[in-house]
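What you see below is based on every heavy atom in this structure, not just the backbone, and it leaves out hydrogens, waters and symmetry mates. A note on names: the letters A, B, ... follow the listed sequences, proteins ahead of strands, and every chain is numbered from 1.
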Amino acid sequence: MSASSPFKVLPADFYRRPAPEVARALLGRYLVRRVEGRRLVVRLVETEAYLGAPDRASHAWNGRRTPRVESLYLTGGHAYVYFIYGMHYCLNVVTGEAQVGSAVLLRAGEAVEGGGEMARNRGLARVPRPGDLAGGPGKLCKALAIDRAQDGLSLLAGELTLTQGDPVAGYAVASGPRIGVAYAKEAATWPLRFAIQGHPQMSRPKL
DNA sequence: CGGAAGATCCACT
DNA sequence: GTGGATCTTCCGA
């Protein structure tokens, strides 16, 4: 744990770096969701970087620009939330400069605060282990009550922020190919998935 | 304008 | 391990 408060909000500069760097740096950080004065917190354990135009798996591949992905082109430090498979939302953190379209998908976290409310948001009858509340991109959004209403929000203050948390050292980070992007040709094998090494709550295949 | 597929999750075998 | 749910978005015709 670091010297200052684990809930100190990460500054804009944190996001103005290449997506893979931010993806690594986000591990161990706290994602803080405020809803009606209450605070829900998860510690991030798994992320994926998406590079933008050169990355076939990215929603910004080849400069693709549609109303849905508009917030992906904001400057680093904003949220990009999209709806997928007819029933799930996924939360991304935009990285780099505006108009680039690079981002980090938040794939999994473990509950730090507000587990009871997260379980209710998930529709679970009981409160499971902390890692089972947000162990997947869709679950993470559902647990934290995130949907398209949060698309485009600044992460520097307000209902959705990222804070210092409990960052891990570089040696503790594992990387590998991203999940669910087999269609993306050459980009499918790029090692842009990052997780806290050996963490029990990675979403699916182990790294 | 229609068809196809998707950065997922869960129940069931 | 496999398949179904469910619907928005995109691309080709």
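- Base engagement by A:G86 is indicated by at least one non-hydrogen atom pair under 4.0 Å involving a base atom.
- The ring of A:Y85 does not lie on top of the base of C:dA5; it is either too far (5.5 Å or more) or too tilted (30° or more).
- Between A:R56 atom CZ and C:dC10 atom P the separation is 17 Å, expressed in whole Å.
- One can place CZ of A:R68 at 10 Å from P of C:dC11, the figure rounded to the nearest angstrom.
- Taking 4.0 angstrom as the limit, A:R193 places none of its side-chain polar atoms (N or O) nearer than this to OP1 or OP2 of B:dA7.
- Side-chain atoms of A:P20 and A:L192, non-hydrogen and from C-beta on, do get closer than 4.5 Å to each other.
- Atom CD1 in A:I84 sits roughly 18 Å away from atom P in C:dA5 (whole-Å rounding).
- Atom P of B:dA5 sits at a distance of 16 Å from the matching atom of C:dG3, rounded to the whole Å.
- Nearest nucleotide to the A:M87 side chain, out of B:dA7, C:dA5, B:dC9: C:dA5.
- One finds a side-chain N or O of A:K139 lying less than 4.0 angstrom from the OP1 or OP2 phosphate oxygen of B:dC10.
- Put simply, the residue from A:R107, A:R24, A:R178 that forms a salt bridge (charged side-chain N to carboxylate O under 4.0 Å, His left out) with A:E48 is A:R107.
- Taking only side-chain nitrogens and oxygens, A:S58 never comes nearer than 4.0 Å to OP1 or OP2 of B:dA7.
- Residue A:T66 has its side chain nearest to C:dT9 when only C:dT9, C:dT8, B:dC9 are considered.
- Atoms CG (A:L51) and P (B:dA7) sit 15 Å apart, rounded to a whole Å.
- Partner assigned to B:dC9 is C:dG4, using Watson-Crick or G-U wobble distances below 3.5 angstrom.
- Summarising the geometry, the separation between NZ on A:K142 and C1' on B:dC10 is reported as 11 Å, rounded to the nearest angstrom.
- Residue contacts shown for A:R178 are absent, as no nucleic acid heavy atom lies under 4.0 Å away.
- Residue contacts shown for A:R122 are limited to sugar-phosphate atoms, with no base heavy atom under 4.0 Å away.
- Distance, A:D151 CG to C:dT9 C1': 14 Å, rounded to whole Å.
- At least one side-chain heavy atom of A:L26 sits under 4.5 Å from a side-chain heavy atom of A:F14.
- Distance NZ (A:K185) to C1' (B:dG6): 16 Å, rounded to an integer number of Å.
- The CZ atom of A:R107 sits 11 Å away from the C1' atom of B:dC9 (whole-angstrom rounding).
- Considering only heavy atoms from C-beta on, A:D166 stays 4.5 Å or farther from A:V112 through its side chain.
- You'll find the side chain of A:T47 reaches within 4.5 Å of the side chain of A:L106, heavy atoms only.
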